[in-house]
Amino acid sequence: MSRSVWKGPFVDGYLLNKAEAARNSTRNEIIKIWSRRSTILPQFVGLTFGVYNGRKFLPVQVSENMVGHKFGEFSPTRTFTSHSSDKKAKRG
Amino acid sequence: MTAQRILVGEIGRPHGVRGLVKLRVFLTDPASIGTLGALTDAAGVQRIKLTVKADGLGQIEGVADRDAAARLTGTRLYVERAQLPPTEEEEFYLADLVGLSAVTEAGAPLGSVRAVEEHGAGAYLVVGEGRGEQLIPFTRAAVPVVDLGARRLVVIPPAEIIVPPQDGEAAA
């Protein structure tokens, strides 16, 4: 069953405070979090989080398309190696 | 940029009696293997010209029967890095980034780029090994300089803000 709309999206409250502080800073920062369950909110867009996957903190650059998803979705806990040899990486 | 060969596919089992083969293609667009030009085997000796057919099949030039196709089963197909199409601005082939040496702004070595990974939230570089391994977001702020010619990139490791787990949240 999906979450009731009247409750709003779930996010750990302490993340909001840290994100607000990071937004006001102009430094190159990564916010290391364990909270994989938190929903990505519009105020997180543009920030980089390090989301714990049980072993390490994987960098997650939050973009508009990710709003509404959970942080844990972008930090896989199992290893997968793809074969694509012409894969490209775009510098954000 | 150094000359390097990139694995783009492998010839599978023969299909039918007219020399068709199954192809395992390791490209984002499997059909594009036919547009890369001449491919070579692992030793770089044998040149293989492929025509891509439907359903993951391919026709190799000079191969007209099943026995000849079966002899090529398992052959790995390589292409020269220069044959891959050019990238857009701020876009890099992972094959170009892996192996670059990472240095700080002051020139101190951080190790080499071991892998570049992407899980739907921007690419990041895996720099160094073992306990010294660092995961660096592939952004202009963290990686301001990528010099493929000199095989190096400049890294400004981001400052860390640690938000420890709270009650009800499992810390590993």
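Lettering follows sequence order; numbering is per chain, from 1.
- Salt-bridge formation is detected for the pair B:R81/B:D96: a Lys NZ or Arg NE/NH1/NH2 atom is positioned less than 4.0 Å from an Asp or Glu carboxylate oxygen.
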Side-chain donor-acceptor contacts of residues 105-117 of chain B below 3.5 Å, not counting sequence neighbours, with atom names and distances?
residue : atom : partner : partner atom : Å
B:R114  : NE   : B:G128  : O            : 3.0
B:R114  : NH2  : B:E133  : OE1          : 2.2
B:E117  : OE1  : B:H119  : NE2          : 3.4
B:E117  : OE1  : B:Y124  : OH           : 3.0

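- Between chain B and the residues A:K56, A:K90, A:R55, the largest count of heavy-atom pairs under 4.5 Å involves A:K90.
- Interface remark: A:F57 contributes backbone atoms only to the contact with chain B (heavy atom separation under 4.5 Å).
- Of all the listed residues (A:L58, A:V62, A:V51, A:T48), the one sharing the greatest number of non-hydrogen pairs under 4.5 Å with chain B is A:L58.
- For B:P30, no part sits under 4.5 Å from any heavy atom of chain A, backbone or side chain.
- B:R151 and B:S101 share no side-chain donor-acceptor pair at under 3.5 Å.
- Taking 4.0 Å as the cut-off between side-chain N and carboxylate O, A:K88 and B:E88 do not count as a salt-bridged pair.
- Residue B:I6 touches chain A through its side chain alone, counting heavy-atom pairs closer than 4.5 Å.
- At a 4.5 Å heavy-atom cutoff, the contact between B:P157 and chain A is made by backbone atoms alone.
- Residues from residues 63-74 of chain A that place a non-hydrogen atom less than 4.5 Å from a non-hydrogen atom of chain B comprise A:M66, A:F74, given in numerical order.
- In this structure, no portion of B:V126 lies under 4.5 Å from any heavy atom of chain A.
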